Amino acid sequence: MGAEIFSVGTELLLGQIVDTNAAYLGRQLARLGIDCFHQTTVGDNAERLAQSLRTALLRSQLIITTGGLGPTEDDVTAAGVAQAFGLELALHEPSAEAIRRLLAARNFPFIPAHLKQAYLPVGAQALPNPVGTAPGFMVENAGCVVISLPGPPPEMQPMFEQSVAPYLHKLSGGGTIHSRVLRFMGIGESLIEDKLKDLIAAQSNPTIAPLASHGLVRIRLTAKAADEAEAQDLIAPVEAEIRRRLAEFIIGVDDEDIEVTVGRLLREKKLTLAVAESCTGGLIGHRLTNISGASDYFLAGLVGYSNEAKKALLGVAEKTLADRGAVSREVALEMARGARKSAGADIGLADTGIAGPTGGSEAKPVGLVYGAIATASQEYCEEFRFRGERDLIKWQASGAALNLLRRALEGYLPEIAI
Ligand code: ATP
């Protein structure tokens, strides 16, 4: 069975909102093992919607629409679906009653326009909306099914989960597509592909798909199987082989960001951290404190942006700044030492660099960043070179510093055993 997702709304075409419904439904269909070959976006126009649906019905057996089910004139999905199937719209009494009840319960006055939402294509099955007034519906015709859901994600998603997913599960024979994502830092996409080229060439089930963005490479392993447990069994040996070859660069799985992994490692090792930031301006502290419970290990974040602040807050020596410059290995190390000491933490982590677009030179170009770690007895610094706009350089620098700490905590840096 081939599926197609229809997103209805002129605001989508104008780029005023981003189509998160299609992304959500794409993931859900994959999870249910249903192939989705097309996504279509149509404005709030019944004729054009009907025309696009007729075309889609020639190639797809399942169409799921979102949006355009509300009470206003520009909500035309029910009319468009009815036209595509050559059906009339008729008042669906139980849905009308549900709308009256919901409005009364919320103390909203009932106006006849609300009933527009209860006009469904004749023969359609209504899908209850536990959150809002607009019911969804499902129409079957000549082996094809159109399922229409409201636009707001907080209404659409529970309806999909409660009414649509169980129906589709039966329809698809109960299969599933399951993915697991391995996340890598400190290694480029092409080098990863090179290290995995035999696995990629031999891939079938699971498939292996690389995806790179902003200093992060993701490898998505996707298996088709009867159920999730079987899919996990198919993925496990391939994941184990990838880990055997590239363990040092793996920073997490699925949605796990580097700050999550660093937080987990610090907690496991019962270690505390203080951060001294220059070019990232507090971004490392921000990322670490996005994780609930960070106070277990994160003691302080100090932004020493000017030379004066580096001296006053972090104890960086005047002479080091004069001899080496603010963007230097030596200053990064002194910042890490200073942060650790002033906060009384086990570890100090620091960065200093040139985020651009101004301030670079031949010797110290834009994108040059030093990351440093200091413990009571050891210290280590690494140089990074990033490219891109200012915010991207800051983002990559924050990730690289956190990744440096992860590598130290996982024992990948012989120079610094924590
Ligand atoms: P309502 O009863 O709220 O009018 P509706 O089914 O008519 O619901 P729309 O009017 O098309 O839905 O959209 C209402 C809101 O839902 C949009 O303003 C937007 O916030 C959200 N929405 C609609 N479609 C999408 C989409 N594809 N992705 C993300 N959000 C969406």
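These numbers were taken from a predicted model, which means no experiment stands behind them. Counting starts at 1 for both ligands and their atoms, following the listed order.
Heavy-atom separations between Gly68 and ligand 1 include at least one value shorter than 4.0 Å. For Val18, the heavy-atom gap to ligand 1 drops under 4.0 angstrom. For the ligand labelled ligand 1, residue Pro153 lies inside the 4.0 Å heavy-atom shell. For the ligand labelled ligand 1, residue Glu11 lies inside the 4.0 Å heavy-atom shell.
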Task: Check against salt bridge (Lys or Arg N to Asp or Glu O under 4.0 Å), Glu382 and Arg407 - done: CA-CA 12 Å; Glu382 211 161 274; Arg407 285 158 59 213; 3.0 Å; yes
Open item on the list: side chain to side chain contact (heavy atoms under 4.5 Å, CB included) for Ile418 and Leu271? Distances and angles first, verdict last.
Closed with: CA-CA 9 Å; Ile418 304 179; Leu271 293 169; 3.4 Å; yes
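Of all protein heavy atoms, the one lying nearest to atom 27 (N) of ligand 1 is Asp19 OD1, 2.8 Å. Ile17 CD1, 4.6 Å is the protein heavy atom nearest to atom 20 (O) of ligand 1. The single protein non-hydrogen atom nearest to atom 26 (C) of ligand 1 is Asn21 ND2, 3.2 Å, given as residue, atom name and distance.
Atoms of ligand 1 found under 4.0 Å from any heavy atom of Gly67 (numbered from 1 in listed order, with element): 6 (O), 11 (O), 12 (O). Every atom of ligand 1 with a heavy atom of Pro150 under 4.0 Å away is listed here by number and element: 6 (O). Listed by atom number, the atoms of ligand 1 under 4.0 Å from Asp75 heavy atoms are 4 (O), 7 (O), 10 (O). Counting atoms of ligand 1 from 1 in the listed order, those under 4.0 Å from a heavy atom of Leu69 are 5 (P), 6 (O), 7 (O). The contact set between ligand 1 and Gly70, taken as ligand atoms under 4.0 Å from a residue heavy atom, comprises 2 (O), 4 (O), 5 (P), 6 (O), 7 (O). Below 4.0 Å from some heavy atom of Leu12 lie the following atoms of ligand 1, by number and element: 27 (N). Counting the atoms of ligand 1 from 1 in the order shown, those under 4.0 Å from a heavy atom of Thr20 are 28 (N), 29 (C). Residue-ligand proximity, Gly151 to ligand 1, at heavy-atom distances under 4.0 Å covers atoms 5 (P), 6 (O), 12 (O), 16 (O), 21 (C), 22 (N), 23 (C), 24 (N), 25 (C), 31 (C).
A salt bridge links Arg243 with Glu239; the closest basic N to acidic carboxylate O contact falls under 4.0 Å. Under the 4.0 Å criterion applied to side-chain N and carboxylate O atoms, Asp255 and Arg218 are not assigned as salt-bridge partners. Ion pairing between a basic and an acidic side chain is recognised when a charged N comes within 4.0 Å of a carboxylate O; Arg245 and Asp198 show such pairing.
A distance of 6.0 Å separates CG in Leu32 from CG in Leu168, rounded to the nearest 0.5 Å.
Of the heavy atoms in Thr133, none comes closer than 4.0 Å to ligand 1. If you look at Pro152 next to ligand 1, the close heavy atoms, those under 4.0 Å, come from the backbone and the side chain alike.
Between Ser328 and Thr352, the shortest heavy-atom distance links the atoms O-CG2, 3.8 Å.
Distance check for atom 7 (O) of ligand 1: a protein heavy atom is found below 4.0 Å.
Taking the six-membered ring for Trp and the full ring otherwise, the centers of Phe384 and Phe386 sit less than 6.0 Å from each other.
Each of Arg264, Arg183, Arg406 was compared with Asp257 under the salt bridge (Lys or Arg N to Asp or Glu O under 4.0 Å) criterion, and only Arg183 meets it.
The neighbour count for Tyr167 OH, taken as heavy atoms of other residues, nucleotides or ligands under 6.0 Å away, is above 12.
Taking the ring centre of Trp395 as origin, the terminal cationic atom of Arg287 falls inside the region bounded by 6.0 Å and 45° from the ring axis.
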